[in-house]
Amino acid sequence: MKAIHLALFFALAPAALHAQTTTTPTPDPAMAEQVKQQYLHAWNSYKQYAWGHDELNPLSLKPHDWYGPSLHMTEIDGLDTMLLMNLQPQAQETIADLDQHLSFDQDIYVKNFEITIRCLGGLLSAYEITGDKKLLDLAEDLGKRLLPAFHSPTGMPYEFVNLRTGQTRGAETNPAEVALLPEFGTLSRLTGKPIYYDTAKRAMTELWKRRSSLDLLGSTVNVDTGKWVDPTSTVGSGTDSFYEYTLKASLLFGDKDMAAMWQTSIAAINAHLADDVRSGLWYGEVDLNTGKPISRLYGSLDAYFPAVLVLAGDLDRAQRLHRSDFQMWTLFGIEPELLHYPDLKVTDAAYHLRPEIIESTYYLSHATGDPLYQQMGRTFFDNLEKWCRTPAAYAELSDVRSKTQRDDMESFFFAETLKYLYLLYAPPNTVDWHTTIFNTEGHPLKIMTDAEQHITH
Ligand code: DMJ
C-alpha cells in the first residue's frame with residue numbers, strides 16, 4: 001500500500017468511529033438492568049450446579065468440561081462482563097476461585113484458538129480492568145504453554161497443543177485459527193516480552209503470503225506444507241476472525257503491516273464476495289483462485305461483519321448488511337445457523353446463543369446514535385426470554401423453527417451475547433472506544449500507547 005494511504009488510515013482510525021458519530025445513544029438504565037438480571041439468572045445457576053467447571057448444561061443442570069480437567073472457562077469468559085456490569089461480589093468471588101483452583105499445568109490437548117480467545121483474552125482483559133497481578137500471572141503461564149502450538153515448519157499454529165508437554169496435533173487448520181495477534185500481542189505489551197507478538201504476527205504473515213492472485217484466502221490450510229486444502233473463500237466460519245484481526249491488530253498496535261493486509265483484504269472481499277441480491281446485501285463463498293461462486297450461504301457467525309465494517313469506517317455497507325442480518329433473525333424470531341440467502345431457505349436450523357448480530361447492533365448504535373438499534377436489541381432480548389430461557393439459565397435451540405431447546409450454553413453467552421446486549425443500553429462511557437478494542441470473544445483490550453511501541457517494532 002502506498003504510504004499516503006497508510007498515513008490516511010492511521011489518521012482516521014480508530015478516530016474514524018468517533019468522527020462518524022452523529023448523536024450519542026441515550027442510555028436505557030431499565031433495559032441495562034434487565035440484561036443484568038438475565039446474566040444473573042444464568043450465572044447463579046452456573047454457580048449452583050457447575051461452579052469451577054467449564055460450562056453448565058442448562059437443561060440437565062449438569063456440569064460440562066471440554067477436556068476432562070476443568071479450565072474454568074465460563075468463569076474466565078464471564079469475568080469482564082461482570083466487571084463492566086459492576087457485579088463486584090460475583091467478580092471478586094470468581095477471581096478468588098481462579099487464584100485458588102485454576103491450573104493450566106494439565107496433560108491435555110486443547111484447541112489453541114478457543115483457549116486463546118476465551119481464556120487468554122479473558123484473563124488479559126480482566127487484568128487490565130482490575131490491575132490484579134494474579135490474573136496477568138495466569139495469562140502469562142497460559143501464553144507460555146500455548147506458544148509451542150506455533151512450532152510448525154511454516155510458523156502457523158497447529159490446531160491442538162498439550163498444555164503440559166507442548167506436543168501438538170492437527171496440521172490442518174483455518175485462517176481464523178491462525179490469527180491470534182490481539183491476545184499474544186497484548187501479552188507482549190503487558191509483560192514486555194516481544195516473543196508473543198513476534199510469533200503471532202509471523203503466523204498471520206505466513207498465511208497472508210499464501211493469498212491468491214485475487215488477494216483471497218482459502219478455508220483450510222496445512223501448517224506443515226503451507227498448502228491450501230480447501231479453496232473456499234468466505235468471510236464466515238473458519239475465516240471470520242482472520243479479517244477481523246488484521247484490522248483490530250492494526251488499531252491495537254499501530255501495526256502498518258496489519259493495516260495493509262486489511263486494506264488489501266477488504267478491497268478483494270468487496271470485489272469478489274459481496275453479493276447484492278433482492279433480499280439485500282450478503283457475502284457469499286467463492287473459489288480463492290477464480291472468484292467463481294461456490295455457495296450463497298450466510299449465517300449467524302457472519303453477522304459479526306457489520307461490526308468490522310463499522311470499525312473500518314464503512315457505515316453504508318455495515319448498515320445494509322446488518323439489515324439483511326436482522327431479516328435473518330426475524331424470519332423465525334431467532335436466527336438460524338445457516339441460510340441460503342437468495343430465497344431465505346434455512347440449511348442449518350440451530351441457534352447456539354451466538355452474539356454476532358448483537359455485537360454489530362451495538363457497534364452501529366455507538367456509531368450512529370440511531371434509536372433503531374436499541375429497538376432491535378429489545379427484539380433480541382424478548383426472543384431470548386421467550387425461546388431460550390429455562391427455569392435455571394438459557395439454552396441453545398436445535399431448531400429455530402420448532403424452538404426445540406438443547407442442553408448447551410457456551411461460555412461466549414456470558415462473554416459476548418449478554419455483554420453486547422448490556423452495552424447497547426449502558427452509559428456510553430462504560431467502554432472507552434478511544435482506548436479499547438474488543439477481541440473476537442468480546443474481551444476489551446487496551447490500545448497500545450506511543451510509549452509502548454518499542455515492544456512490537
Ligand atoms: C465466539 O467464540 C467468538 O465470537 C468466535 O470468534 C466465533 N464464535 C463464537 C461465538 O459465536
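Atoms within a ligand are numbered from 1 in the order they appear, just like the ligands themselves. It should be emphasised that the depicted structure is a prediction, and the values quoted were computed from it without experimental measurement.
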Tyr351: which of Trp329, Trp387, Phe332 passes ring pair (Phe, Tyr, Trp, His ring centres under 6.0 Å)
Trp329
Heavy-atom contacts under 4.0 Å between Pro355 and ligand 1: side chain, backbone, both, or neither?
side chain
Within 45 degrees of the ring normal and closer than 6.0 Å to the centroid, is that where the cationic atom of Arg169 sits relative to Tyr109?
yes
Contact check: Glu416 vs ligand 1, nitrogen or oxygen atoms, below 3.5 angstrom
yes
Non-hydrogen atoms of Ala395 and Leu353 that approach each other most closely:
O-CD2, 3.7 Å
Nearest non-hydrogen partners of Ser241 and Ala179, listed with the distance
O-CB, 4.1 Å
Can you check which of [options] brings a heavy atom nearest to [atom]?
atom	options	value
atom 7 (C) of ligand 1	His352, Glu356, Glu114, Arg354	Glu356
atom 3 (C) of ligand 1	Asp77, Thr440, Thr417	Thr440
atom 1 (C) of ligand 1	Glu410, Glu441, Glu359	Glu441

Side chain to side chain contact (heavy atoms under 4.5 Å, CB included) against Thr81, all qualifying residues, sequence neighbours excluded
Tyr39, Met85, Lys419
Who pairs with Arg211 by side chain to side chain contact (heavy atoms under 4.5 Å, CB included), at least two apart in sequence or on another chain?
Trp208, Asp215, Leu217
So the atoms of ligand 1 within less than 4.0 Å of a heavy atom of Leu301 turn out to be 7 (C), 8 (N), 11 (O)
Suppose we measure from atom 9 (C) of ligand 1 to each protein heavy atom; which comes out shortest, and what is that distance?
Phe412 CD2, 3.7 Å
